[in-house]
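These notes are about the structure you will find just below.
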Amino acid sequence: MDEGLYIANNLWILIATILVFIMHLGFASLEAGLVRKKNTVNILFKNTMIVSIGLLTYYIIGYGLMYPGGEGGGFFGFKQFGIEEPGDLASLLAASSEGFVMPSWTDFIFQGMFAATCATIVSGAVAERIKLGSFLIFVTIFVAISYPITGMWQWGGGWLNVMGFYDFAGSTLVHAVGGFAALAGILLLGARTGKYTDKGIKPIPGHSLPFATLGVFLLWFGWFGFNGGSVLSADAASVGKVFVTTSLAAAGGTVGAFIISYVMFKTHDLSMVLNGVLGGLVGITAGADLMSPMEAIAIGGIAGAIIPLSVVFFDKMKLDDPVGATSVHLVCGIWGTLAVGIFGSSAGLGQLWIQFVGVSTIGLFTFAFAFILFYILKVTIGIRVTEEEELKGLDISEHEMSAYSSSDTVAYNLNVQ
Amino acid sequence: MDEGLYIANNLWILIATILVFIMHLGFASLEAGLVRKKNTVNILFKNTMIVSIGLLTYYIIGYGLMYPGGEGGGFFGFKQFGIEEPGDLASLLAASSEGFVMPSWTDFIFQGMFAATCATIVSGAVAERIKLGSFLIFVTIFVAISYPITGMWQWGGGWLNVMGFYDFAGSTLVHAVGGFAALAGILLLGARTGKYTDKGIKPIPGHSLPFATLGVFLLWFGWFGFNGGSVLSADAASVGKVFVTTSLAAAGGTVGAFIISYVMFKTHDLSMVLNGVLGGLVGITAGADLMSPMEAIAIGGIAGAIIPLSVVFFDKMKLDDPVGATSVHLVCGIWGTLAVGIFGSSAGLGQLWIQFVGVSTIGLFTFAFAFILFYILKVTIGIRVTEEEELKGLDISEHEMSAYSSSDTVAYNLNVQ
Amino acid sequence: MDEGLYIANNLWILIATILVFIMHLGFASLEAGLVRKKNTVNILFKNTMIVSIGLLTYYIIGYGLMYPGGEGGGFFGFKQFGIEEPGDLASLLAASSEGFVMPSWTDFIFQGMFAATCATIVSGAVAERIKLGSFLIFVTIFVAISYPITGMWQWGGGWLNVMGFYDFAGSTLVHAVGGFAALAGILLLGARTGKYTDKGIKPIPGHSLPFATLGVFLLWFGWFGFNGGSVLSADAASVGKVFVTTSLAAAGGTVGAFIISYVMFKTHDLSMVLNGVLGGLVGITAGADLMSPMEAIAIGGIAGAIIPLSVVFFDKMKLDDPVGATSVHLVCGIWGTLAVGIFGSSAGLGQLWIQFVGVSTIGLFTFAFAFILFYILKVTIGIRVTEEEELKGLDISEHEMSAYSSSDTVAYNLNVQ
Amino acid sequence: MKKIEAIVRSSKFDDVKNALSDIHVDFFTFMEVKGFGKQKTEHIVYRGAVYDVGYIARMKLEIYSTDDAYEEIVKIILNSAKTGEIGDGKVIVTDITEMWSVRLGTKNESAL
Amino acid sequence: MKKIEAIVRSSKFDDVKNALSDIHVDFFTFMEVKGFGKQKTEHIVYRGAVYDVGYIARMKLEIYSTDDAYEEIVKIILNSAKTGEIGDGKVIVTDITEMWSVRLGTKNESAL
Amino acid sequence: MKKIEAIVRSSKFDDVKNALSDIHVDFFTFMEVKGFGKQKTEHIVYRGAVYDVGYIARMKLEIYSTDDAYEEIVKIILNSAKTGEIGDGKVIVTDITEMWSVRLGTKNESAL
Ligand SMILES: Nc1ncnc2c1ncn2[C@@H]1O[C@H](COP(=O)(O)OP(=O)(O)O)[C@@H](O)[C@H]1O
Ligand SMILES: Nc1ncnc2c1ncn2[C@@H]1O[C@H](COP(=O)(O)OP(=O)(O)O)[C@@H](O)[C@H]1O
Ligand SMILES: Nc1ncnc2c1ncn2[C@@H]1O[C@H](COP(=O)(O)OP(=O)(O)O)[C@@H](O)[C@H]1O
């Protein structure tokens with residue numbers, strides 16, 4: 001491959017890496033905005049730790065588990081601890097004669113940013129009541145082991161890949177995986193105190209919708225890298241197409257959630273529309289390169305429309321998810337995976353079945369793994385803070401600090417004399 | 001064209017697209033910061049909807065209106081609904097033998113991000129009193145029809161282009177267009193209740209200057225894509241130059257607004273300096289590729305200096321603009337357009353005249369379109385909320401929610417027992 | 001050089017420029033989050049001015065001082081005011097036959113974004129008590145003169161470069177330089193009123209940890225450009241490697257600060273972990289291209305572990321630094337510089353000595369320059385606000401405004417009737 | 001000496017203040033309070049669940065006055081705070097045993 | 001007429017409110033206050049320095065009542081706000097000289 | 001029983017608190033209030049328009065005390081809150097009819 005072309009391809013993946021990185025800020029902002037003031041430090045702390053823990057574990061064993069090399073088609077494999085150094089430029093160019101092959105640095109860092117993402121999804125769903133220590137242990141093990149194993153099934157050339165499963169950028173492999181783990185956590189933790197009362201559901205509004213909105217825009221921003229980088233080259237036609245389908249699906253999701261939430265609730269709930277944007281993005285992720293613009297709008301629009309229904313459904317089931325992570329990532333992740341069998345160039349009953357098999361086997365494995373892990377933590381060190389700690393807020397009880405301090409005995413106001 | 005070169009060019013436009021996208025977050029943050037707490041959800045909601053509506057309408061008809069193809073030189077044209085798929089890479093490379101020709105995907109998504117921008121400008125100016133429904137209808141029609149028509153006159157090869165009008169990245173086509181529509185809205189809506197009293201002008205400070213500052217930095221960040229992408233290739237010398245002129249103009253705008261607002265008000269008003277940054281950026285946009293660094297500093301500096309004067313002027317005229325959108329986008333947009341005839345490689349009386357013709361015809365058309373559209377909405381469904389709704393805030397009256405909820409009956413403080 | 005390759009290289013430096021630009025928002029957010037509410041406008045104002053002043057002075061004389069050209073090896077030089085225009089593409093390509101040579105536009109704007117960074121570091125350390133006017137004068141002179149002179153010693157081909165000093169992206173040249181200037185400021189200003197009392201140290205918590213967290217993520221985001229761009233080309237292997245080492249060092253810093261601050265304080269202090277992320281990033285900056293992933297983790301981990309120790313140490317010395325800038329930038333900057341002699345491909349006692357000489361001579365010069373400049377300001381116009389102004393907050397006393405206004409006589413609450 | 005406490009609508013605060021100012025009562029203390037009363041409260045919708053806020057934000061004024069002046073002050077407040085709709089609030093008067101000016105160290109009438 | 005002021009734990013506010021509601025005392029005013037008392041306060045850690053917040057956030061209720069009803073109200077508050085741990089708070093009763101309804105312009109009992 | 005209410009400068013709050021602590025008055029309730037008075041308020045400039053904030057943020061302390069102790073408390077507040085400049089605030093004393101401890105269920109002196 002021509003050096004200029006190689007460099008341009010590599011450059012795009014590196015830039016996509018940066019964009020996926022900033023999705024962690026997107027998640028942190030969104031989740032911080034949707035929890036109560038008294039749990040803000042806690043959620044920010046978790047999200048800061050997650051990205052670092054994710055990168056370290058993915059470096060140490062995750063990458064080796066996810067890309068075991070060899071013949072492929074398997075269920076489990078492991079190559080090595082750490083990653084190999086790439087060769088020099090000449091050998092990289094030579095290896096890329098048939099198409100762009102990334103240097104191992106680039107491949108690792110791009111994939112590493114993805115890995116931590118799925119843990120971040122869990123963080124929002126279990127917010128406001130989980131013990132910090134248990135959560136960090138869960139995340140470390142989950143990202144180190146579970147995520148790369150199911151990832152290998154498809155992206156590492158494993159059995160699902162051989163079977164013909166299609167998941168372009170991770171509607172299943174990242175989003176539904178995060179969502180299934182979140183569901184396990186929600187089930188074992190129980191709802192936040194006071195959420196489901198005899199008199200019905202008590203809404204617990206987030207403390208800062210500006211931060212939530214900031215988070216959603218940053219996620220959309222990062223999604224250009226998430227989906228666009230998943231082309232795995234800077235191919236002029238493909239990346240552009242993915243940008244178009246991704247954006248139009250997000251736009252469709254916005255409008256879908258806008259309409260359905262208005263029909264259902266007779267008002268304009270910003271938190272629903274924000275979830276709708278994300279629903280559209282998650283929905284298109286499995287088939288972003290297969291869809292026409294109109295199909296992208298349809299997939300995104302349906303995903304957005306699902307959001308208010310799904311949020312209400314989970315609340316009916318008393319599955320308490322402060323940020324709507326299960327609706328966005330689990331439900332729309334499943335929808336996006338199946339949509340590959342319904343819309344676009346691969347549509348067909350056969351493909352739909354394979355998609356179903358893919359998302360359900362990965363879902364089962366992930367759910368079981370997460371459930372058992374959370375369960376072990378629950379019966380050993382415990383996963384839930386005490387009711388008193390929950391009432392005070394995790395910021396005081398876990399961090400002994402407050403997100404918005406007034407640092408003087410009194411909040412000195414505008415005109416202190 | 002060499003494949004590596006083609007890919008690199010295309011990559012830059014895609015990255016510029018992402019940067020222009022994040023300007024929507026910039027606008028949302030800036031506007032949210034400069035309105036009152038009680039209208040924050042409303043402004044965030046509008047800005048979230050705008051970007052999605054803008055992309056959808058631009059896909060459906062906007063792009064076809066703006067780039068009708070054919071002979072050019074006209075006032076109006078329409079190619080088709082939706083966009084054509086680009087050919088394969090070979091045909092794209094072949095088509096680019098004389099210079100980089102973007103794949104249609106790339107072209108559409110880059111242009112689509114611009115389209116929604118001008119609607120966002122209106123949103124800030126009419127904030128805190130406009131009805132949500134009427135605003136969304138306005139934006140949909142305005143972005144779908146008015147923006148692409150005037151856009152075609154220049155960028156679509158229309159009559160202004162043939163005449164020699166120059167507007168590199170849209171001081172007129174985007175910013176002044178947004179500003180003229182904003183002015184029509186302000187005129188028909190009237191000022192916020194309580195702003196202009198017998199005793200003089202009552203300032204209504206924004207509720208979060210940190211968010212406003214965040215917005216301005218994000219806008220500057222995005223402007224690298226807005227102007228840099230408007231080179232329409234990754235040409236090494238041109239893009240670099242545009243980065244330099246854009247940044248120096250922003251720096252000039254900062255200092256210009258700093259000095260003049262200190263001279264006028266004897267204090268350091270952050271909101272003025274932030275508007276000054278934007279004024280400098282809007283000012284350089286028409287001629288970012290034509291100016292030397294010193295000329296860029298001059299254009300930006302003058303734009304920044306205009307800001308405090310313009311803000312005071314509009315207030316004297318009782319034209320109530322909560323975020324200064326008319327000063328930044330309309331006044332500095334006009335200034336930047338004219339500056340192409342005064343500074344830089346195209347300067348000259350002839351060019352100045354053409355610039356004047358361009359900005360005034362586009363201004364007239366846009367103002368008339370927006371005025372009529374707002375007027376029809378006013379006499380049919382109404383455009384202004386009731387005084388009671390305004391007093392309560394649009395968050396409660398239009399969205400039945402609050403941007404910063406304290407979710408418990410009482411705001412549980414630091415040390416709840 | 002092939003045109004496609006040249007364009008790709010240039011594109012990366014331009015993108016890195018944008019990333020370094022957004023670090024200014026990162027600093028602004030971090031510092032705003034870590035000061036008290038009543039000083040928020042002030043810190044945002046300073047950070048907005050700094051980036052603009054930095055770009056303007058760097059254009060006018062800074063670049064000429066830092067890259068004087070000529071034989072090299074010197075202590076001081078000056079080429080010219082402003083920058084030369086680059087030649088046309090053909091001449092650029094010709095000049096790049098032996099390796100990528102940036103067009104002057106690109107080089108200037110990339111370097112210009114760095115220059116302002118070191119001033120931003122000072123801004124945080126002297127926050128909440130310095131006079132606005134004096135600070136702006138300091139920054140203007142410091143960035144215009146002191147930063148480029150020491151920068152020249154290494155990056156401008158000066159005596160340290162000849163001697164074999166290594167500072168890849170500026171652990172010393174940017175971060176320690178900012179830190180030394182900050183130290184001079186802290187010494188001459190004294191601590192914030194009420195910080196060090198008879199009864200011990202009174203903590204003065206920041207008013208918004210969400211903003212502080214936002215800032216740190218944006219800084220990490222920007223650091224991909226800061227370090228990645230310092231490769232000075234888009235070389236596929238090098239940039240990828242720098243991304244890996246930079247990210248793993250940040251991850252190491254997070255975990256290092258997490259562990260040590262837990263051991264020391266028995267709690268999870270978010271502000272410490274955030275400083276730990278930055279400590280890791282500063283630490284890897286001098287040798288980001290020389291380290292293996294494991295070495296990067298070690299360097300970052302040690303830097304993160306240093307943070308809590310250093311913060312406590314400075315507080316014991318009664319050196320009051322509201323944001324921890326001296327711990328992050330000065331201490332970890334020195335650590336990172338020395339680490340080049342301890343870890344990685346250049347490690348060795350000889351190199352360690354040279355690293356020591358480099359950081360101490362630059363430190364001495366910078367500290368002396370900053371101290372004298374602050375001292376002159378102190379004895380002439382004064383550098384500290386009055387105690388009354390400090391008590392009221394700088395927002396009211398310097399800006400006559402408030403960061404979070406409730407714009408009505410009373411803060412109209414949720415349910416105003 | 002009397003202490004007058006008035007709980008009024010936030011939206012009427014400026015009117016009350018101006019009316020007091022017209023009779024040269026320029027000194028008083030106020031604070032934001034919340035009230036449960038006959039007036040129905042707003043409802044809020046969040047993620048599909050509707051709830052009543054349950055209380056209404058109100059302003060409370062405290063005015064220290066002489067035994068002679070208080071009746072007029074009460075009258076002025078009753079007039080200026082009135083809308084006639086449910087939710088107008090209450091005014092109460094209590095006796096002050098002693099009142100001091102911190103600045104002057106003087107007591108009662110002379111402390112005003 | 002009596003004015004009852006109760007300083008209670010924030011966490012007991014809902015219980016007090018419900019208990020009052022059970023005896024049909026639905027009208028009152030409340031505000032957030034801070035208290036120094038026997039109860040030890042939380043400590044906060046920030047950048048290595050530990051400090052006590054020094055005060056505890058509490059809720060203050062103000063209820064205007066007739067001379068007949070106030071004893072029951074006080075009893076209900078004493079019961080519902082009690083945890084038995086240090087920090088439960090205080091209830092005081094003072095005499096109201098006059099009470100007015102802004103809406104009705106009526107006085108004392110008829111102003112409730 | 002007496003109730004002492006003091007409206008003081010926010011900047012004097014810590015001094016008052018320490019002075020009270022010196023005479024072993026460690027229990028009281030306080031809140032942030034706003035005051036209109038003789039003291040001129042700050043002005044704010046926003047986008048070219050100047051305006052007076054119109055009120056000044058102050059702290060209000062409420063101390064329940066025995067009939068014996070209140071005079072000393074008042075004296076201590078008057079001393080410690082004083083700057084001598086306009087704006088120092090007021091202290092008032094009213095009679096409490098009954099006072100209860102929620103925790104102990106005891107009344108008056110024994111409720112402190
Ligand atoms: N008995 C009471 N004790 C204390 N405050 C009361 C009482 N009754 C009413 N209030 C206060 O007055 C406000 C208005 O009362 P409401 O019953 O809604 O209307 P109205 O005053 O017109 O009868 C309430 O929100 C509450 O703050
Ligand atoms: N003498 C007092 N004057 C005013 N408020 C008081 C007084 N004593 C206690 N309080 C209030 O009651 C709250 C609880 O008091 P505390 O001494 O902690 O517990 P307890 O009420 O169980 O004795 C305090 O935080 C304070 O707000
Ligand atoms: N008549 C009054 N009723 C209630 N509060 C008052 C009264 N007079 C003064 N205050 C309170 O005391 C504060 C200080 O009063 P001011 O007149 O400014 O100074 P000084 O107390 O020194 O005379 C005011 O801001 C207000 O909160």
Side-chain angles (χ1 to χ4, degrees), chain A residues 2-8 10-11 14-15 17-18 21-22 24-25 28-29 32 40-41 44-45 47-49 51-56 59 82-83 85-86 88-89 92 102-106 108-109 112-113 132 208 211 214 398-408 411-412 414-416, chain C residues 2-9 11-12 15 19 36-38 203-210 213-214 216-218 220-221 224-225 228 233-237 239-241 243-244 247-248 250-255 258 267-271 273-274 277 292-294 297 391-393 396 402 405:
Chain A
D2 167 64
E3 192 178 339
L5 182 56
Y6 188 88
I7 297 279
N10 183 64
L11 185 56
L14 290 177
I15 291 166
T17 301
I18 309 176
F21 166 76
I22 208 65
H24 291 286
L25 175 58
S29 302
T40 307
V41 167
L44 294 170
F45 195 92
N47 282 282
T48 307
M49 291 305 297
V51 52
S52 292
I53 290 175
L55 283 168
L56 292 174
Y59 175 73
I83 54 171
E85 300 221 357
D88 63 6
L89 190 58
L92 288 170
M102 283 182 222
S104 60
W105 301 128
T106 304
F108 159 70
I109 195 75
M113 290 300 170
L132 181 66
S208 174
F211 255 91
L214 173 69
E398 295 267 31
H399 304 272
E400 303 183 47
M401 65 199 306
S402 179
Y404 305 91
S405 312
S406 48
S407 48
D408 307 282
Y412 284 110
L414 214 58
N415 297 28
V416 167
Chain C
D2 167 64
E3 191 179 340
L5 181 57
Y6 188 87
I7 296 280
N9 279 323
L11 186 56
W12 169 234
I15 291 166
L19 293 168
R36 282 167 291 181
K37 219 177 205 171
K38 63 181 177 184
I204 306 183
H207 86 285
S208 174
L209 290 180
T213 308
L214 173 69
V216 167
F217 273 89
L218 287 175
W220 185 341
F221 178 71
F224 286 109
S233 81
D235 182 89
V239 180
K241 185 175 185 194
F243 271 44
V244 172
S247 293
L248 289 178
T254 317
V255 174
F258 170 75
T267 189
H268 304 294
D269 185 332
L270 177 59
S271 80
V273 169
L274 293 176
V277 176
S292 72
M294 288 309 296
I297 295 173
L391 186 70
K392 279 189 200 168
I396 290 293
S402 178
S405 312

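Here is how names work: the chains are called A, B, and so on, in the same order as the sequence lines, proteins then strands, and each is numbered from 1. The figures here come from the full heavy-atom set of this structure, side chains too, leaving out hydrogens, waters and symmetry mates. As the structure is a prediction and not an experimental result, all values here were calculated from the model.
Top candidate by heavy-atom pairs under 4.5 Å with chain A, chosen from C:Val216, C:Leu11, C:Asp269, C:Val239, is C:Asp269. Top candidate by heavy-atom pairs under 4.5 Å with chain C, chosen from A:Asn10, A:Ile15, A:Leu25, is A:Leu25. When each of A:Leu92, A:Leu14, A:Ile83, A:Leu55 is checked for heavy-atom pairs under 4.5 Å with chain C, A:Leu14 comes out on top. Chain C forms the most heavy-atom pairs under 4.5 Å with one residue out of A:Val51, A:Ile53, A:Leu44, and that residue is A:Leu44. The choice from C:Tyr6, C:Phe221, C:Trp12, C:Phe224 that makes the most heavy-atom pairs within less than 4.5 Å of chain A is C:Phe221.
Between the side chain of C:Lys38 and the main chain of C:Ile396, no donor-acceptor pair closer than 3.5 Å is present.
With a 4.5 Å cut-off on non-hydrogen atoms, C:Leu214 touches chain A through its backbone and its side chain both. Contacts of A:Asp88 with chain C are absent, with no heavy-atom separation under 4.5 Å from either backbone or side chain. In this structure, the portion of C:Ala250 lying under 4.5 Å from any heavy atom of chain A is its backbone and not its side chain. With a threshold of 4.5 angstrom between heavy atoms, C:Val244 approaches chain A through its backbone and through its side chain. Contact of A:Leu5 with chain C is not made at all, since no heavy-atom distance falls under 4.5 Å. Contact of C:Leu274 with chain A is made through the side chain alone, with heavy-atom distances under 4.5 Å. Looking at A:Ile18, the atoms closer than 4.5 Å to chain C (heavy atoms on both sides) sit in the backbone and in the side chain alike. Residue A:Met102: no heavy atom, backbone or side chain, is found under 4.5 Å from chain C. With a 4.5 Å cut-off on non-hydrogen atoms, A:Phe21 touches chain C through its side chain but not through its backbone.
For A:Ala403, the side chain to side chain contact (heavy atoms under 4.5 Å, CB included) partners two or more places apart in sequence, or in a different chain, are A:Thr40, A:Val41, A:Asp395, C:Pro210. Every side chain to side chain contact (heavy atoms under 4.5 Å, CB included) that C:Ser233 has, sequence neighbours left out, goes to C:Asn9, C:Phe100, C:Val231, C:Asp235.
Aromatic rings from A:His24 and C:Phe217 are positioned such that their centres are separated by 6.0 Å or more. In summary, the aromatic rings of A:Phe45 and A:His399 are positioned with their centroids under 6.0 Å apart.
C:Phe243 has its side chain out of reach of A:Thr106: every pair of non-hydrogen atoms, C-beta onward, lies at least 4.5 Å apart. In this structure the side chain of C:Trp220 reaches within 4.5 angstrom of the side chain of C:Ser247, judged on heavy atoms. In this structure, C:Leu209 and A:Met401 have side chains that are in contact, with non-hydrogen atoms separated by less than 4.5 Å. No side-chain heavy atom of C:His268 sits under 4.5 Å from any side-chain heavy atom of C:Val273.
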